[in-house]
Amino acid sequence: MAKRIFITGTGIISSIGKNLTETLDNIKTSNSGVDKIQYLKTIHNPNIPLCEVKFSNRELAKMAYGNTERKASRTSLLGIIAAQEAWRTAGSPELGDGRTGVFSGNTVGGMDLTELFYADFMQDELAGDIKTMLTHECAESTERIADSLGATGMVSTISTACSSSANTIMLGARMIKHGLLDRAIVGGVDSLTKFTVNGFNVLQILDHQYSQPFDQNRRGLNLGEGAGFIVLESEDTAKPESILAELVGYANSNDAYHQTASSPDGTGAYLAMKGAIETAGITPDKIDYVNVHGTGTNNNDLSEGFAMQRIFDEKIPKFSSTKAFTGHTLGASGGIEAVFSVVALQKGIIYPNLRFETPIEDLGGKMIPETQLLENQNLNYILSNSFGFGGNTSSLVFKAFKDS
Amino acid sequence: MYINGIGNISPQNTYDQTMGEGLVASENAFFVCQEPQYKQFIQKKLLRRMSRAVRMGLAVAHKALEEAKNPAIDGIITGTAWGCVKDTEKFLETIIENNEQYLTPTAFVQSTHNTVAGQIALMHHNNCYNMTYVQGAVSFESALIDASLLFMDGKAKNVLVAGIDEQTDRLKILLKRLSCAQGNHPMGEGAACFVLSDQNKENSYAKITAVNMLYRPKDKDIVKNSILREIKNAGLELADIDVVMSGNTDASLEQNLIPDAQVVAYKKLCGEYPTSTAFAMAVGAKVIHGDANTKIALGINNANPENILIYNQHQNINHSIIILSKV
Amino acid sequence: MDELIEKLKVQIIKQLNLEDVEPDEIDADEMLFDADGELGLDSIDALELIVLLDKEYGIKIKNQEEGKQIFHSLKTMAEFILQHQD
């Protein structure tokens, strides 16, 4: 028998806060995380703004391990901080029983340290601290997270570009649904690196100003970093008082159009949204809010907008891109936006799509995101989209948990 | 889950036949894959951008699909620990050499771990479920578990599952410095792909009766009990296991646990690499299907092995358990 | 001009890793980005060509739209380079 899946904990760190409280404070004051580069060493400073987590690695090590000297990749540190918060808010359930999964999404692993090592290594093949390379793989941060929690169940890492962490949520849900696990901590993490900044820059999809998702005059995306995790529990083990929301729908699809670009008609996005809504057993009109992928690139927003029009027809639900606050956090974005979705349902709020001015003409000029923080909303279902390179598209449907 | 098609690129001659007769030994502690001519099934204009990891991945997918008579595919799931190493290196090196200037996009877009799964979808115009696992030595196992969930979800009839890892010259240097590659313990690479199905067909090689993985088990008893549990869950007795294909230098745990089974070391054919269990599953399935050359290559004495346990572990952190059974 | 076109052919083959393509096989007037054409270049190749112009000729192209006209054929590329070189 398929089991219901509840969300019992949330953890988040991004450019707008090191925990949920700080994050929500910044959202209330429309304080976006995009700023001049402070931490990453790159020649693109100050031409490219980024959404950096506003702490040095030493400060993050203090938060994650209580020790500023602790050597770890920025990726692992961010992951541990958010995962710990998620676990704590879930009431720190029993862990070392093998029935808890740890699934994290990630794109470049410990590349922040690899970059430093490689500069030495290229000069001299024997130079550099070779131990650095042990933190290179994507799985490393997931294992550090699992170790920080003492987990010994299934531990796995997904790398499907920008949809990575949405896919971990889906994996956790399916494992629990079939009774293979009782609970899972799911989400993802990525830190900013020269590798990703230069990669997106050379693809000419970085906004050199503050990004404007879903705007006619959008210029590209702002890259960000951070981590977002949620705790999923089966209906058998979740304590009613810990339940924040329910995960009811999910789907994964592939656009199969181009290695990096989205298809003009948004086939993959359409299939993911359609699949997630169907898994939830509802019709599209039940969706109260869509947390769009909304990167702010010409290609994504147009393609996603078309796909939404196909799904919702004339009745587009309220929607916004929270990437105007956090930047595009790549492997972490699905996790961070899952936290946003859960909190929106819990608190009845809808986030503003900062800096939106003009609707996109090619979408009929009718797709206007929410631009103010909306409170006291009666929300039942939220759809969250995450799309990535390689055509990977995933959507999730969260449902409010109301005592009845 | 039934294995209805296999594509296997390895250091041995395993692509166009099940196992070449002359076995290849490692050179300077490294095994290198024998690759097919890619032009027969990948368009030239696509091929020019593809690293070996992507080429190998597409080639094994092609082969597995062909063997399974090209069924409609409902899922594409890959496992790779190292990912697209060559393109990652290329982009990283240009960043450093050119001080973040004059960079080109191709290496970057091909460097993401999901490139192989994405390219398979692209090539076969397939919008289906698409996933990439990057969990070190259990990346391939994660992919297998996901495939089994797709069948449980009732969402799939045929799923493509692959394990791929490529070596590069730079990676070899790094692995040597990490003391991973040594004379008696060579490093390797490979790509193996399977069409898994919920249906037993006349061309089915074997069925996968158990897959599981462990993370940092506290002691050996946990490992032993997990293996025993998987054997039981597969509907088997301990005595039913004919062969253990071990990926471990010290195979005493598995030998002591199943004293009547013959323990063979599969890495002597492919070397050590994170998704080596995909190679093990490919050759194991062929052994169960009765292929004599593969049996000889692995040194298996049993005339007709019916149940094979594949057990591999990496630094006692990630443990992998797979059981293959005769159809 | 012809000399520049010949030079460009070699540079493009190298930059785009066009295995098995000989310089003689590319016609100066041939559309580079025709999806059904011989070369069938795409948007990623366009970005590669932008880098090539920057690196080899010191010419910066700011957006891909502009690039589309310049990269129509080898001839248009060569003309653009001649116009913009100091």
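Chain identifiers are assigned alphabetically (A, B, ...) following the order of the sequence lines, protein sequences preceding nucleic acid strands; residue numbering begins at 1 within each chain. Not measured: the values here are computed from a predicted model.
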I'd like to verify something: which residue of [options] has the highest number of heavy-atom pairs under 4.5 Å with chain A?
{"options": "Thr112(B), Asn318(B), Ile173(B)", "value": "Ile173(B)"}
{"options": "Ile120(B), Asn212(B), Asn99(B)", "value": "Asn99(B)"}
{"options": "Leu214(B), Asn127(B), Ile317(B)", "value": "Asn127(B)"}

Classify the side-chain pair Gln135(B)/Glu141(B) by whether it contains a donor and acceptor separated by less than 3.5 Å.
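Gln135(B) vs Glu141(B): no donor-acceptor pair found between side chains.
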Looking only at side chains, do Thr100(A) and Arg183(A) share a donor and an acceptor under 3.5 Å apart?
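Checked: Thr100(A)/Arg183(A) side chains pair up, N/O donor to acceptor below 3.5 Å.
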What part of [X] gets closer than 4.5 Å to chain B, counting heavy atoms only: side chain, backbone, both or neither?
{"X": "Leu271(A)", "answer": "side chain"}
{"X": "Thr42(A)", "answer": "both"}
{"X": "Thr107(A)", "answer": "backbone"}
{"X": "Ser156(A)", "answer": "both"}
{"X": "Leu126(A)", "answer": "both"}
{"X": "Asn392(A)", "answer": "side chain"}
{"X": "Phe103(A)", "answer": "neither"}
{"X": "Ser159(A)", "answer": "both"}
{"X": "Gln259(A)", "answer": "both"}
{"X": "Gln204(A)", "answer": "neither"}

Please give me the minimum heavy-atom distance between Ile222(B) and Ser226(B), naming the atom from each residue.
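Shortest heavy-atom separation between Ile222(B) and Ser226(B) comes out as O-OG, 2.7 Å.
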Considering all heavy atoms, the nearest Phe195(A)-Leu92(B) contact:
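Closest approach of Phe195(A) to Leu92(B), heavy atoms only: CE1-N, 4.0 Å.
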Let me know if [X] has heavy atoms under 4.5 Å from chain A in its side chain, its backbone, both or neither.
{"X": "Asn126(B)", "result": "backbone"}
{"X": "Ile145(B)", "result": "side chain"}
{"X": "Leu103(B)", "result": "both"}

Compare all side-chain heavy atoms of [X] with those of [Y] and state whether any distance is below 4.5 angstrom.
{"X": "His136(A)", "Y": "Met111(A)", "answer": "yes"}
{"X": "Thr80(B)", "Y": "Thr132(B)", "answer": "yes"}
{"X": "Leu58(B)", "Y": "Tyr38(B)", "answer": "no"}
{"X": "Leu144(B)", "Y": "Ile208(B)", "answer": "yes"}

Looking at Met133(A), Glu125(A), Glu140(A), which one has more heavy-atom pairs under 4.5 Å with chain B than the rest?
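Winner by heavy-atom pair count: Glu125(A).
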Relative to each other, are the rings of Phe121(A) and Tyr118(A) parallel, tilted or perpendicular (30° and 60° limits)?
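The rings of Phe121(A) and Tyr118(A) stand perpendicular, inter-plane angle above 60°.
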Aromatic centroids of Phe108(B) and Phe200(A) separated by under 6.0 Å
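Judged by ring-centre distance (under 6.0 Å), Phe200(A) and Phe108(B) do meet the cut-off.
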